[in-house]
Amino acid sequence: MPAITLPDASVRLFDGPVTGTAVAEAIGPGLARAALVMKLDGKLVDMSTVIEHDASVAFVTRRDDDALEMIRHDAAHVLAEAVQDLFPGTQVTIGPSIENGFYYDFARNDPFTPEDFSAIEAKMREIITRGAKFVRQEMSREDAIAFFQAKGEKYKAQLIEDLPRDQTISLYSQGEWVDLCRGPHLRSTADVGMAFKLMKVAGAYWRGDHRNAMLSRIYGTAWRDQKELDAYLHQLEEAERRDHRRIGKDMGLFHIQEEAVGSVFWHPKGWKLYRTVEAYLRRRLDANGYQEVRTPQLVDRSLWEKSGHWDNYRQHMFIAQVEEEDKFLALKPMNCPCHIQIFRQGMRSYRELPLRLAEMGCCHRYEPSGALHGIMRVRQFTQDDAHIFCTDEQIASETARFISLLSQVYSDMGFPTFRIKFSDRPQARIGSDADWDKAEAALREACQIAGVTFELNPGEGAFYGPKLEFVLRDAIGRDWQCGTLQVDPNLPERLDAEYVGEDGARHRPIMLHRAIFGSFERFLGILIEQYAGRFPLWLAPVQAVVATIVSDADAYAEDVAAAFRRAGLEVRTDLSNQKINAKVREHSLAHVPVLAVVGRNEAANRTVALRRLGSPAQEILPLAEAVARLKAEATPPDLRESTGATEFA
RNA sequence: GCCGGCAUAGCUCAGCGGUAGAGCAACUGAUUCGUAAUCAGUAGGUCCACAGUUCGAUUCUGUGUGCCGGCACCA
């Protein structure tokens, strides 16, 4: 006699066990039509699930987010059926829903190509139109393995074998086609709807392990209705326009060419942007108790052997040799060992701690060819690196202080929000559990002091210590780790860094590796996408263009430009023989934030007509006032603060 | 590195087994014009590289390189 509590707190009684479908029907035919799946005591289950006991039930309709995820999951099943129907002999593996869509990994000798999509999509529509009900069936482990073995589905059989012993094995059929699946599912394939599209093919390793076979993955997107699908596709097109590679080319910021794969040629405008960002960061670091250093680019292999990098990362290092000498030098892949060399010069006292050594360190790493991506992942990059040498007790306060600095910098750069991942102890690690406890607790405490929350990234820490990763998202929704903070008791040990404590004895410092941007290249790539090239005035590589309407105003335009320049603005003149409409268009497309238009009127009155990027409005100001206003507006955020509010003691 | 796709003018792209075209940009000339494209003309190419098939390859095949999308990797 189940009593069913509905979301509005009303209770309905049933004579005996009842399915979700029957409950929905009892409530009303409208709900029965709309209910795709139900939440039984908070857990999503099929509508056909039989409710035996008192429970709370909520029905999920197409409007709910849960439904969207199910639509995608079911779309993956439909895709798999379509593929197996069209390409006999293809084995299925896994096919989950993901952000914005779904994918399915297939095992097949000939990988799929985008040319296969139209046939597959047509078959999917057929399956959806047919609308076969999803039917759940549970099987014993042995039966399920035998079932899939008999079908030649080796991957599925292996999946079941690797499931925990006590796990219920469930299969879902949609008409003739059956898949191993935990469920739940919509009522039938018809509920998937037609708002889906296959997007791309990709190789993917079985179980994400590069030693395994490569499968052929098909990605799709699926939505509640056509309108949502269209909106998503439109959004993708928009995102493409924000791509830093596109904008970098259009705005003439940088390029990369075959002779220097993975290394950036910064053009004047791009380098101006770089320098603006670098100067800003340097001021922030100076104000936060960092001391900047500079260390060698080429360092003898012996140091890398001592640090342990030679053994672990040798194949990712660029090695240099000269004929006269029988030695190997490595282009530094990181700055840490060099900073320790500076720490080791002379005798250090606990009084000097925490010692914060910063370097805009140019590093080289031989990244796998497939990892390279525009300027986001390159082989030569400059880290905004720093190492804080401190005591155990200082880890938490130094970390909190760092998070505060990083938050300020991200906010100034136009990223009010970012994600933090906390990577704790991995399986393979060094150091005692007590040390790990201490380091992890310090990071947690620091997050609490800084008032930030994090997602746990279990087991993903470095082998020597836990870390925080600060993640920003690019235009296409890809996440990139930018900032980082790692607790490292290991390298100081290996490279023999020590200080004299209050007790007069020698101690090992803890080393905090930390970066805010991670690499300038990556951060600038994300920055370009964040603003889609339309930078705020203080960051814009060309801040203003003075454009003339008639050539009579040429001399005055030069005066205006000179005045802007004196105020520290990066300005160009456009005296070309073109209509003002064309000039407006040209400089708008070039994302110049301020257009100062001068014609006969302005020349006669010593005024300028300012036009801001993206707005048709114009403001006519006396030259001196325009200069003062733009100068104030172009002031970097850290120089606007009236006092050193963010400085620490 | 692995799977798939792509590589033609500065850019975006057509095209074809008989050695190439458009738009924009560039350059020249005319136009002096009030807020997102003034008009006309000119010039611009080892069709990524190498090998093979062919009477003939930018086009077909193979290899290499680079790029793009994923996967793996990211000290």
Side-chain angles (χ1 to χ4, degrees), chain A residues 103 105 108 110-116 199-219 240 243 245-246 249-250 252 255-262 304 307-317 333-337 363 365-374 376-379 381 462-464 467 469 476 478 480-481 484 486 488 490-491 513 518-519 522 547-554 575-590 595-602 609-618 620:
Chain A
Y103 69 77
D105 285 348
R108 183 166 181 253
D110 299 313
F112 296 103
T113 75
E115 286 172 13
D116 299 322
M199 302 296 285
K200 53 198 177 193
V201 290
Y205 297 106
W206 167 236
R207 301 206 146 157
D209 189 328
H210 67 97
R211 289 164 301 193
N212 289 342
M214 175 137 301
L215 307 171
S216 182
R217 173 175 298 181
I218 297 179
Y219 281 97
E240 215 166 299
D243 192 308
R245 294 165 295 192
R246 174 83 263 142
K249 194 178 263 182
D250 288 347
H255 85 274
I256 295 176
Q257 68 186 48
E258 220 172 303
E259 288 81 358
V261 171
W304 306 111
S307 71
H309 293 105
W310 190 265
D311 282 343
N312 289 315
Y313 294 103
R314 169 159 169 22
Q315 65 276 34
H316 297 292
M317 290 164 71
M334 50 178 7
N335 309 297
C336 341
C363 296
R365 294 180 187 174
Y366 184 74
E367 301 286 8
S369 57
L372 301 175
H373 178 89
M376 305 272 221
R377 185 92 182 263
V378 284
R379 288 181 177 157
F381 53 95
F463 70 93
Y464 49 75
K467 60 182 177 184
E469 293 169 26
I476 318 169
R478 285 186 279 219
W480 296 90
Q481 182 201 308
T484 185
Q486 301 167 21
D488 182 5
N490 175 55
L491 214 50
H513 308 249
S519 88
R522 173 174 297 182
T548 52
I549 293 172
V550 290
S551 51
D552 288 354
D554 285 2
L575 311 183
S576 64
N577 181 8
Q578 279 186 103
K579 286 168 67 166
I580 192 64
N581 298 19
K583 295 187 185 184
V584 167
R585 178 179 152 82
E586 184 185 330
H587 303 300
S588 297
L589 289 175
L595 191 60
V597 177
V598 296
R600 288 199 185 93
N601 295 337
E602 287 77 10
L610 293 186
R611 182 195 163 109
R612 303 307 181 119
L613 177 60
S615 163
Q618 38 179 318
I620 297 175

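In the text below, chain A, chain B and the rest are named by the order of the sequence lines, each starting its count at 1.
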Note to self: Looking at A:Arg245, I'd like to know whether one of its side-chain N or O atoms comes within less than 4.0 Å of OP1 or OP2 on B:G69.
What the structure shows: yes
Check: Given B:G69, is OP1 or OP2 found less than 4.0 Å from the side-chain N or O atoms of A:Arg478?
Finding: yes
Checklist line | Among B:G34, B:A75, B:U38, the nucleotide that comes nearest once only the side chain of A:Tyr464 is considered | finding: B:A75
Check: In the strands shown, is B:G56 matched to any nucleotide by a Watson-Crick or G-U wobble pair with both distances under 3.5 Å, and which?
Finding: none
Check: Is it true that a side-chain atom of A:Lys583 and a backbone atom of A:Val597 form a donor plus acceptor pair closer than 3.5 Å?
Finding: no
Check: Which value, in whole Å, describes the distance between the C1' atoms of nucleotides B:G52 and B:A57?
Finding: 11 Å
Check: Given B:U35, is OP1 or OP2 found less than 4.0 Å from the side-chain N or O atoms of A:Arg612?
Finding: no
Check: Donor-acceptor pair under 3.5 Å: do we get one between A:Tyr205's side chain and the base of B:G70?
Finding: no
Check: Could you give the CD-to-C1' distance, from A:Glu259 to B:A49, as a whole number of Å?
Finding: 12 Å
Notebook entry, point to check: Any chance CD of A:Glu115 has more than 12 other-residue heavy atoms, nucleotides or ligands included, within less than 6.0 Å?
Noted result: no
Next item on the list: Assess whether one donor atom and one acceptor atom, taken from the side chain of A:Asn581 and the base of B:G34, lie less than 3.5 Å apart.
Entry: no
Next item on the list: Using atom CZ of A:Arg585 as one end and atom P of B:C24 as the other, report the distance to the nearest whole Å.
Entry: 11 Å
Notebook entry, point to check: Considering Watson-Crick and G-U wobble pairs with both distances under 3.5 Å, what does B:A36 pair with?
Noted result: none
Check: Does A:Arg108 make a side-chain N or O approach to OP1 or OP2 of B:C3 shorter than 4.0 Å?
Finding: no
Next item on the list: Check every strand shown and say whether A:Met334 touches a base, only sugar-phosphate, or nothing at a heavy-atom separation below 4.0 Å.
Entry: sugar-phosphate
Notebook entry, point to check: For B:U19, what is the paired nucleotide under Watson-Crick or G-U wobble rules, both distances under 3.5 Å?
Noted result: none
Check: Roughly, in whole Å, what's the span from CD in A:Glu586 to C1' in B:U38?
Finding: 14 Å
Checklist line | Donor-acceptor pair under 3.5 Å, A:Glu602 side chain vs B:G34 base | finding: yes
Next item on the list: Verify the contact: side-chain N or O of A:Lys579 to OP1 or OP2 of B:C39, cut-off strictly under 4.0 Å; return yes or no.
Entry: no
Notebook entry, point to check: Can you tell me if the side-chain N/O atoms of A:Thr113 get under 4.0 Å from OP1 or OP2 in B:G4?
Noted result: no
Next item on the list: Using a cut-off of strictly less than 4.0 Å, decide whether A:His255 has a side-chain nitrogen or oxygen near OP1 or OP2 of B:G10.
Entry: no
Item checked: Euclidean distance, atom NZ of residue A:Lys583 to atom P of B:G34 [Å, nearest integer] -> 12 Å
Next item on the list: Counting Watson-Crick and G-U wobble pairs only, both distances under 3.5 Å, name the nucleotide matched with B:U61, or none.
Entry: B:A51
Checklist line | Paired nucleotide for B:G66 [Watson-Crick or G-U wobble; both distances under 3.5 Å] | finding: B:C6
Notebook entry, point to check: Reckon A:Arg377 has a side-chain N or O less than 4.0 Å from the OP1 or OP2 of B:C74?
Noted result: no
Margin query: Roughly how many Å apart are B:G15 and B:C74, using the P atom of each and rounding to a whole number?
Written below: 42 Å
Check: Is there a Watson-Crick or G-U wobble partner for B:C27 with both distances under 3.5 Å, and if so, which one is it?
Finding: B:G41
Next item on the list: Would you mind reading off the distance between A:Lys200 atom NZ and B:C71 atom P, rounded to a whole angstrom?
Entry: 8 Å
Item checked: Interatomic distance, A:Trp480 CH2 vs B:C73 P [rounded to whole Å] -> 15 Å
Check: Checking only heavy atoms, does the side chain of A:Arg211 share a donor-acceptor pair with the base of B:C2 at less than 3.5 Å?
Finding: no
Note to self: Checking base pairs now: Watson-Crick or wobble, both atom distances under 3.5 Å. What partners B:A72?
What the structure shows: none
Next item on the list: Assess whether one donor atom and one acceptor atom, taken from the side chain of A:Arg365 and the base of B:C74, lie less than 3.5 Å apart.
Entry: no
